[in-house]
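Given the structure is predicted, the values throughout are model-derived calculations rather than measurements. Lettering follows sequence order; numbering is per chain, from 1.
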Amino acid sequence: MSTTPITLGLSLETDLAILQVESEQANYASDSAILEAARAAKRAHDREQVDDLRDKASHLMTSGIVQGALLVGSGVTQALSATSQYAADMDRAHTAANCPDACKVAPTLTEEGAAAQRNANLCGAAAKTLEGGSKATDLAFNSIATGDDADAAAASHEAEDAKCRADDAASARQRDQARLDQNISVIEEMLRSDHDTMRNLLRPA
Amino acid sequence: MHANICLSTGSIAEQIVALEQDRHSAEVHADKDFTEIESNEAQRQHLEQQRALAEAREEAESASKWGSVLDIAKDVAAVGAVAAAAFTGGSSLLVAAAVMGGAGALGADIAKRTGLISDKTATWIEVGSAALSGGAGVAQALGAGGAEAATETAAVVKTAGNCTAAGATATEGVATYGKNRALSNEVSAQADAAQADNNAEAAWDRFEEVVDAIRQSNATSAQISAAAANLEAADSDLSTRLISTLRG
């Protein structure tokens with residue numbers, strides 16, 4: 001009665017266990033693929049985050065150069081304006097000191113004084129324009145840097161998500177491995193049992 | 001007959017076990033080398049990360065110092081502008097605008113540093129103040145009021161104020177560049193640290209993969225050895241039985 005399963009080699013339970021092993025192997029391979037994909041995604045997001053930080057560094061440096069140049073230019077033109085204005089004011093003061101009382105109320109400028117005044121006004125306007133440009137640059141680059149920060153934060157968030165997925169896949173893979181080992185142990189035990197049964201049956205009466 | 005028994009599963013199993021042990025030994029040896037390489041790489045990247053973070057801290061301190069210089073320069077520029085504006089003469093409206101512009105910028109900066117207002121509010125006040133100063137300057141440039149200082153004393157005080165403001169503005173430019181360069185270096189060092197951290201993590205991932213491969217190789221080797229041992233035992237049993245049968 002019991003010769004059929006023995007002549008077939010392995011018992012049905014052993015066949016089932018082998019199928020389970022194959023299933024666990026497939027699960028293990030699947031979880032390994034998920035783990036690898038999640039790790040690749042994390043690496044990509046990490047690279048993205050680093051790139052965003054480098055962009056921000058680059059923008060900060062550019063902003064520093066542009067703003068610094070504009071402000072230094074503004075300072076230089078302010079100084080030019082101040083010296084020209086001083087020449088014009090001194091000219092006006094001398095005119096006032098040397099003219100009749102009616103002239104002291106609204107002193108006129110000599111030709112040189114008028115030229116100095118025009119120069120002072122032009123340089124003053126240029127200085128204000130450069131200073132305004134510096135402030136505009138500051139606001140513009142602050143906005144860009146904020147965007148870089150937001151991009152880096154988003155990439156960091158995505159990388160964290162990918163890390164969670166990788167951790168989950170690694171845990172699942174460990175569970176697959178543990179079940180695989182258990183099933184293989186069961187199969188070994190069944191094979192031993194089959195072997196014992198066969199030996200007992202073959203033993204001479 | 002005896003030769004056949006010797007060449008049967010028992011001896012083949014022994015040979016398989018020997019081959020498997022050789023293969024396993026070579027594989028584990030190679031994998032151990034890999035684990036050492038990856039472990040060293042992870043440590044190296046960790047050190048690189050520490051170095052980059054230290055550099056980022058240094059640059060942050062530098063940026064903070066430049067920031068202080070920048071704040072002082074802004075205040076000096078504002079004081080100079082206010083002093084000069086008070087002696088500008090001409091239209092009282094333009095004088096008031098110039099004074100309010102300078103005073104607004106100065107007040108906003110001090111209020112920001114003492115924590116009375118937020119950075120954003122201070123920025124908007126500074127922008128408004130700059131508009132007032134700029135408007136007054138442009139109006140003067142267009143000849144709307146004439147920048148008149150009728151006495152020598154007024155001219156000297158105004159020029160001193162303007163020159164102070166000009167020097168402070170130029171200093172502000174240098175400080176702005178210095179601060180932004182330090183900030184840029186800080187962010188760059190942070191990026192280096194992040195890159196090193198990612199590299200270390202990748203090295204640990206590879207390390208784990210190799211350890212996992214060693215574990216699997218050990219398990220497979222143990223299974224093959226167990227199967228071979230079973231096979232040998234069965235073969236030995238069969239041989240004994242055959243010999244005893246032949247002997248009758």
Next item on the list: Tell me, out of Asp212(B), Val156(B), Val174(B), who's got the most heavy-atom pairs with chain A below 4.5 Å.
Entry: Asp212(B)
Note to self: I'd like to know which of Lys179(B), Gln190(B), Glu201(B) tops the heavy-atom pair count under 4.5 Å against chain A.
What the structure shows: Glu201(B)
Margin query: Please tell me whether Ser81(A) and Gln85(A) have a donor and an acceptor in their side chains that are separated by less than 3.5 angstrom.
Written below: no
Item checked: Ala165(B) backbone acceptor or donor facing Thr169(B) side chain under 3.5 Å -> yes
Check: Is it the side chain or the backbone of Asp192(B) that comes within 4.5 Å of chain A heavy atoms, both, or neither?
Finding: both
Checklist line | Polar side chain donor-acceptor pair, Gln49(B) to Gln45(B), under 3.5 angstrom | finding: no
Check: Thinking salt bridges, do Asp168(A) and Arg165(A) make one under a 4.0 Å N-O criterion?
Finding: no
Item checked: Residue Leu70(A) versus chain B: region with a heavy atom under 4.5 Å -> neither
Notebook entry, point to check: Where does Arg173(A) contact chain B at under 4.5 Å (heavy atoms): side chain, backbone, both or neither?
Noted result: side chain
Note to self: Is a donor from one side chain sitting under 3.5 angstrom from an acceptor on the other, for Arg92(A) and Gln117(A)?
What the structure shows: yes
Check: Measuring heavy-atom distances to chain B, does Gln177(A) have an atom under 4.5 Å in its side chain, in its backbone, in both, or in neither?
Finding: side chain
Margin query: Check this for me: Glu112(A), atom CD, are more than 12 non-hydrogen atoms of other residues, nucleotides or ligands nearer than 6.0 Å?
Written below: no
Next item on the list: Would you mind telling me which of Arg215(B), Glu186(B), Glu208(B), Gln195(B) has the largest number of heavy-atom pairs within less than 4.5 Å of chain A?
Entry: Gln195(B)
Notebook entry, point to check: With a 4.5 angstrom heavy-atom cut-off, which part of Leu80(A) approaches chain B: side chain, backbone, both or neither?
Noted result: neither
Note to self: Quick check for you: among Leu35(A), Val72(A), Val66(A), which has the greatest number of heavy-atom pairs under 4.5 Å with chain B?
What the structure shows: Val72(A)
Notebook entry, point to check: Checking Gln216(B) against chain A: side chain, backbone, both or neither under 4.5 Å from a heavy atom?
Noted result: side chain
Notebook entry, point to check: Nearest heavy-atom pair of Gln78(A) and Asn162(B): which atoms, and what distance?
Noted result: OE1-O, 4.2 Å
